[in-house]
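Just so it is clear, the structure is predicted and the values come from calculations on it, not from any experiment. Chain naming here is simple, since letters A, B, ... match the order of the sequence lines and numbering starts at 1 in each.
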Amino acid sequence: MGTYILENEEALKKVLENMLRKGMVEGVMVQTAGESGVFTSIITDPDFISKTAPLAPLFSNNNAVFLQNNGTRNIAVVVKPCEARAINELKKLNQINTDKLVVICADCQGTINPRDGLITEPLTEAKKKELEKDSIPIRKACTVCEHFTPPEVDISIMAIGTTGGYILATDREELLDGLELKAGEIPSGRNAEVEKIRKENLEKKEKMVEELDKKLGSPDTLVEFFKDCIRCDNCRDMCPICYCKQCYFETPLGDLRTDEMLHQAATKGILRIPPDILFYQLTRNIHVAAGCVECGACEEVCPRDIPLLDVWKSITGNVQGLFEYVSGMKRDEPLPLVGFKESELEEVK
Amino acid sequence: MEDEGGAKESWEPKIIGFFCNWCSYAGADLAGTSRIQYPTTIRIIKVMCSGRVNPQFVLKAFQEGADGVLVSGCHPGDCHYIEGNYHARRKLTLMEDLLEFTGVDPSRFQMSWVSASEGQKFAEVVTEFTERIKKLGPQTKLSGGEG
Amino acid sequence: MKIGVYVCECGTNISGTVDVADVAEYAKSLPNVAVSKYYKYMCSDPGQLLIKDDIKELGLTHVVVASCSPRMHEPTFRTVVEEAGMNAYCFEMANIREHCSWAHMHEKFKATEKAKDLVKMSVAKAALLEPLEKKQVPVTPAALVIGGGIAGIQTALEIAESGFKTYLVESTPSIGGRMAQLDKTFPTMDCSACILTPKMVDVARHPNIELLTYSEVTGIDGYIGNFTVTVKKKARYVDIEKCVGCGLCAEACRLKDRVDDEFNENLGKRSAIYVPFPQAVPLKYTIDPEKCIFLKTGKCGDSPPCVGACAADAINHQQEDEIIELDVGTIVVATGFDLYDPSQKPEYGYGKIKNVITGMEFERLVSASGPTEGHIEINGKEPEKVVFIQCVGSRDKEGNEYCSRVCCMYTAKHAHLVRDKIPGAEVIVYNTDVRAYGKGFEEFYVRVMDEGVKYLRRELDDQIEVVENGDKAIVKAEGHPDIEADLVVLATAIEQKKDIADISKVLKISRGADNFFLEIHPKLRPMDTATSGIFLGGCCQGPKDIPDTVAQASGAAAKATIPLAQGKIDLDPQTSFVIENNCAGCGLCVEACPYSAIELMDGKAEVNEALCRGCGLCSATCRSGAIQLKGLTDHQLISMIKSSLSEVF
């Protein structure tokens, strides 16, 4: 693995531009600071690279969603760790061909929903304090994030532990062809710093889960929790791990017609519409828990502000913990729900 | 314990069983053949393999008003389809985890290995499960009309 | 849609508990039910006729029979409806006997209510059943027999005699197996080699048998009628076309008399180039790659002496493993057994005390072809007092719980042989229940006792210990005075092969709690495995003596020959199918399928119906319901769930 010094974000842009100019990729998916704000774009003209803000700490949705069924053409993508994990998870599910992607991922020190503020410079501890003063919130998902460093990707950009600038690490040195980068080293204090942040976030997460568990321990609270759900299905559509072409809830079995609703109403005397809210959410839990990357996109896109992330944090931790699996960290490893160990779960008698 | 009066003197749990054809369904057959008596609470649905049980079926059963769900397959290592019961065990353990979160008491769901020769065990499992569900009372969390 | 419901009284088996008239009346109220009747015995001729007449007269599209377990009569009724022109797979059964009337004999009201529910569920499912077409596939007219012991030999000979090509694959250099190691056979005391060797020669000569020794089955693909088997022919480093079996190479080998001889249970020595025993079939030499100096170091003197000694120029140290593929229609597994290793129980002193040997080691000591040419000796002396200990590694709550079935009789045989060869010797047998159940066994046991062999009984849980005392061993058995013996022989149990996990993985057949291969029905189908087309012969299914092994092997041969003789087989149409538009091509079903029956083709799952066994693992794994199992779809199952729980339709 080669490790190099990137003095600043501009140096990273050079890397992107170089890939485009050299034809290593046909496009770069990256955040751009345009006239209408900051948005994710695909750039094919290298001259546009100067307008990009690859490390802008913004997150409105998980862009892995848009990489599903990527075709046969090479592109580079600059993504957050949760997006990179989703890419890896989708790779295992044959939904993304990572051979055609150059995944570039940087340490993430938290993101902001663009509707709360358009910040383009990467977050640092100092910057975070500033935001706090301006009452610009860091996304909840980020405050409780345990995996904020790059998972298995093509190019990792490390910020945590460095004193200004970044360290670029890659096994694919051919991607840096033509660039004259200074060799660097992964800072020795990085691990300790990463662990420190992880510990803080973990504590917050545990508190969140605990509170949720307390809430859900009493009767009928799940109904209460989802009472505002209007089954717009945004959470599903914007979830990178909900990859089905045809959702169960759009098949004749799951998409209830009035006859079926009458049947359900008749068995209970009353049926709430839209129907199957709990069944829908629980089904999503079953389908997604083992692969959830806890990006919080579902919550960001929920028009009724249901704190979906809390639920996912609780379930994902349980399920992935049960199978000693952390989704999306690697590109090639067995998926927990189609494998098994003969010796596991022996409490079943 | 004759109950020919016919009236429902007390609440009876409704239990759905998903039983694999080769071991557990046969074990339930053996219980009958051996005239081993157990509560009438269970309705068994035959599947070829416990691995056929989609966790969604369990949720659906609870949603439709089941008070308990029992999934039963061959003992580990004995699966007619080599490894189906291991798959079932993983998938359904995940399910069980979820139940906790829904507020449905996870002990309303049970997985048990019953072989074709374990008629007695089958009857015991159903009897004990029924007793447990009776103590828990009717399941309303997932079957309420507002869900 | 018109569904007919038929409720069986089963004499009084059902009607004694369940009010069948009430159930039949109730069924009439269910959706799509056109007719509902009850009758004394639905499976009898008049009962069957009742159903057939209704199908014809009323044009029924689906039939539900509420009676016994589908495991009992589903095939019967499928045939009935088919004979009346209905599709066999539009039939559904409700089990109101085993699962209802017999299980709730004192709760008539509740049992009747349950029976109604079971009928309701079956009707709900039946309404969703679609006609399925049976498919036939041709059968490759050849069989594979795995294992060249007496079971494999017998099976191969009988299949070959029926006129079918038979491949016999044996992992060691010669066929013969365990039986070849035995001296005499109980209770008749026939010479084992004398009855086995001619059969081995028959195998070699049979025009329909292709013998593949020193070969291993490494893969099995396909299904009954159409298996593709991968066989690794391990390098023998000897060209068996050229080798004439003269043995000059073994004489010349620099490791002559220096390599442990496994055929003689390591009591004798052989060369690095060897035949396991003089009557080996084929009588072709093999170089032991673990031992041969040249193969291990690339050098053996100036040139390997074996090469120089071989006039036929048969030795080739450069030979490599060869992988071949065989197409067969059926497979018989006759992989045999290993023996319990008594060093796992230190109290017997085996491996530490020279005077303690196993039954199989005794067998080699007493054999005229063995290392002592049949002279029983220990530490160079003929023993005067011999103690046999039975049930070593069997009937053990912590180990093998089963009775190994042959040890009582082989011990009696050994005791007899000691008395025969050393007339003055004192022979004591520590036993727990002598099991002399076979033909001529009890008589033999009585005869051995009459010959002066002393049988001492001990309980299985009683302590027993063997301790060294100079050149003797003292057997300390709880409740008995200590015995100072010259020789202690342990009757070790038959066990599943030690490398069985590897074999199982290739065969994909399951094992029981005792680790032996599992037959599908212990009484009625003792040779069938759960995988159609794969049968069991001999001790791989459980401990057996030679007559039982031969009987089972012949049975397996007959079973394996049936599909070959039929020439074609029906495939169960209840397989998986893909709803292509719904498939995301994620491949979870491919991963889940234990039979590699699903492949991704152009980003969509595709089921090979011939390989699919209908377990439904794929369907339970698919998130969007894009892969379904015919006859057990999500829709059908959910419909059963719903109907069982709701009072309304």
Seminar exercise, completed: dist B/Gln56:CD -> A/Leu253:CG (nearest 0.5 Å) comes out at 9.0 Å
Exercise. Relative to chain A, which of B/Glu83, B/His75, B/Lys121 shows the most heavy atom pairs under 4.5 Å?
Worked result: B/Glu83
Exercise. To the nearest 0.5 Å, how far apart are CG in B/Asn54 and CD1 in A/Ile286?
Worked result: 7.0 Å
Problem set entry | A/Tyr280 portion near chain B, given a 4.5 angstrom heavy-atom threshold | neither
Exercise. With a 4.5 angstrom heavy-atom cut-off, which part of B/Pro55 approaches chain A: side chain, backbone, both or neither?
Worked result: both
For this session: Look at A/Ser314, A/Pro336, A/Ala289 and state which one has the largest set of heavy-atom pairs under 4.5 Å with chain B.
Result: A/Pro336
Problem set entry | Inter-residue atom distance B/Leu98.CG - A/Leu282.CG, 0.5 Å rounding | 6.5 Å
Seminar exercise, completed: For B/Leu59 and A/Thr283 the tightest heavy-atom approach is CD1-N, 4.3 Å
Exercise. Relative to chain A, which segment of B/Lys60 carries a heavy atom at a distance below 4.5 Å: side chain, backbone, both, or neither?
Worked result: both
